[in-house]
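One-based numbering, in listed order, for ligands and for the atoms of each. Keep in mind that the numbers below use all heavy atoms, side chains included, and drop hydrogens, waters and symmetry copies.
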Amino acid sequence: MWAGRFTEPTDASVEAFTASVDFDRRLYRQDVAGSVAHATMLAEVGVIDEADREAIVAGLRGIEADIESGRFEWSSSLEDVHMNIEAALTERIGEAGKKLHTARSRNDQVATDLRLYVRAETDAIVEALRRLRGAVLDLADREADTVMPGFTHLQAAQPITFGHHVLAWHAMLERDAGRFADVRRRLNRLPLGAAALAGTSFPIDPRITARLLGFDGPCENSVDAVSDRDFALEFTAAAAILMTHLSRMSEELVLWCSPRFGFVSLPDAFCTGSSIMPQKKNPDVPELVRGKAGRVIGSLVGLFALMKGQPLAYNRDNQEDKEPLFDTVDTVRASLTVFTGMLAGLEVDRAALRDAAGQGHATATDLADYLVRRGVPFRDAHEAAGRTVRCAVESGRELEELDLGELQAICGEVVQSDVRDVLSLDGSVAARAHPGGTAPARVREAARAARARLGGEQVGGKQDG
Ligand code: ARG
C-alpha cells in the first residue's frame, strides 16, 4: 500500500511482527459497515459519484458474504483487516475500489470499527446480564422464606433469608448493567472524518456518516478521535467489575456446595467429576468463573499499561488493544451464559440452611433490641445479651433453649414470655421489615420491584456495527 515511498520491501520478520489480521479480522463486519457508510457519505457530498458508490457498496457486501461463508482469503502481507478488505475490493471492482479510502485513514477507520464492535458487544452483554438477573430474581422469589445464617467474617452473624442474600447479588448485577449502559452512552461518537489526525481537506459531512452508523454524532476533536481508547478501558473496567461480582458469587457457591456447608447443590450438568475419585462432584464452573475474573482484570491492567505512555495522536501501540478486548468479550459472555444455566438449576437445602442458622446464637442482637424496647439502654442491653450467650455456650445450648427463668436471672424482670418470638429465627427475620430488610414479605416486594425495573430497561441496540 505504501510502496511508493520505499526502496526495499518489508523484511519478512517485520511483516510477521506488525501483522494483526489473524486477530483483527474479527472486526470485518464493523469494517464493512464503516466503509459502506463512508462511501455513502462521500457520494452524498459529491466527493465520489453515484456509480462508484454503488460499485463499492456491492463489492463490500460481496466480500462480507465471502468472509461469512469462509471463502475469503486473508493475507498477512496485507497486514490487517482494513487493508485485506480494501485490496479485495479493488481486485473485485477495479478503479472505484481505489477511491474508497479518500478522506479516510486507517487511524479513524480502526477507531470507528472498534467503537462499533464494543457497542455491539456491550448490548449483547447487557442482554445476557438481563437473563442472569432474571434467574437470580426467580431464585429470590422461590427462596424468599428460606432462613439461612447471614455471615460477616465468614462467621454466622444474624439470620437472613436466602432470597435476601441473592437480592444482594442482583443489586450488584443491576449496577453492572448500568455501568455498561454508561460505557455505551459515552462511546457512541463517530471518529471517522478525523482521518490520520488532522481531519481532511475534502468537504465531508461526518454527521451523515454518524447517522448511518447509529452514532449520536461525530467526535468533537479529530486528534482525540483517533488516539484515545478510554472507551475500551471503560468497557473492560465494567467487565472486570462484573467478573469480580461473578467471582464473589462463585466463591459463595463453592463454599455452599461443599459438604461442610451443604447449603446448595449445583446441577449435575454444571459440575464435573474426577478422573481418579469416583465419588467426586466438583464445582468447576464457579471455580473457573472465579479464575477467569483474574484474566479480565489482567486485560484491564494491560490496557492501562498500553495507554499510559502514549503521546497524541495515534500510535501503533494501539494495535495491541484488540486481543485483551476480544478476550474480555469472550470471557464475560461465556461466564454469563454458564452462570445463568447454573443458577436456574440450583437446588437449595432449606432444612440445612435453617439448621445452620439455628446454630451460633445468631439472634443475640434480637435479644438486645428486645431489651432496648423494654427501656434498657442499648449498651446495657448488649452486655446482658452477651452474658446470655455465654450462659448458652457454657451449657451447650442455643438461646432459644434457655427458659424464661434463666433469661430473667441474667437480663432482669423486663424479659417476658413474648421473648420467645424474638429469639426464634422466623421472628428475627420477620422483624426486619423495613425497606431493604430481610423479611420474606420485603424480599418478595423487592424482587417484584427489581423485575419491573428489569423489564423497563432499554437495551441500546437499535443498530449493529
Ligand atoms: N492495524 C492498525 C491498528 O490496529 C490499524 C491502524 C494502522 N495505522 C497506522 N498508521 N499504522 O491500530
Handout entry: Considering all heavy atoms, the nearest Arg179-Met172 contact
Key =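 Answer, listing the atom of Arg179 first, then Met172: NH2-O, 4.4 Å.
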Handout entry: Parallel, tilted or perpendicular: ring planes of Phe180 versus Phe235, cut at 30 and 60 degrees
Key =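 Geometry flag for Phe235 against Phe180: perpendicular rings.
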I want to know if ligand 1 touches [X] in the polar sense, i.e. an N/O pair below 3.5 angstrom.
X      : answer
Gln319 : yes
Lys322 : yes
Arg229 : no
Glu79  : no

Practice task
Considering heavy atoms of the protein only, find what lies nearest to atom 8 (N) of ligand 1 and give residue, atom and distance to 0.1 Å.
Solution key: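 Result: Asn107 OD1, 2.9 Å.
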Handout entry: Protein residue, atom and distance nearest to atom 6 (C) of ligand 1, heavy-atom basis
Key =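 Its nearest protein heavy-atom neighbour is Tyr314 OH, 3.4 Å.
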Problem - Min side-chain heavy-atom separation Arg248-Glu252 under 4.5 Å - result: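 Result no, sub-4.5 Å side-chain heavy-atom pair not found.
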Practice task
Output the list of atoms in ligand 1 that are nearer than 4.0 Å to some heavy atom of Ser20, sorted by atom number.
Solution key: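 So the atoms of ligand 1 that pass are 1 (N).
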Handout entry: ligand 1 atoms in contact with Asp80 (distance to a heavy atom under 4.0 Å)
Key =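 Near Asp80, the atoms of ligand 1 are 1 (N), 2 (C), 5 (C).
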Handout entry: Identified salt bridge (Lys or Arg N to Asp or Glu O under 4.0 Å) partner of Asp321 from the options Arg115, Arg316, Arg229
Key =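 So, applying the salt bridge (Lys or Arg N to Asp or Glu O under 4.0 Å) to Asp321 and each of Arg115, Arg316, Arg229, only Arg229 qualifies.
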Problem - Under 3.5 Å: donor-acceptor pair, side chain of Lys281, backbone of Leu266 - result: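 A pair under 3.5 Å: yes.
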Practice task
Take Tyr28 and Trp74 through the test ring pair (Phe, Tyr, Trp, His ring centres under 6.0 Å) and record every step on the way to the result.
Solution key: CA-CA 11 Å; Tyr28 76 87; Trp74 297 99; 7.0 Å; no
Exercise for the section: May I ask you to identify, for Gln109, whether its side chain, its backbone, both or neither come under 4.0 Å of ligand 1 on a heavy-atom basis? Expected result: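 Neither part.
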Practice task
May I ask you to check if Arg119 and Phe215 form a cation-pi contact, with NZ or CZ under 6.0 angstrom from the six-membered ring centre and within 45° of the axis?
Solution key: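 Yes, a cation-pi geometry holds between Arg119 and Phe215.
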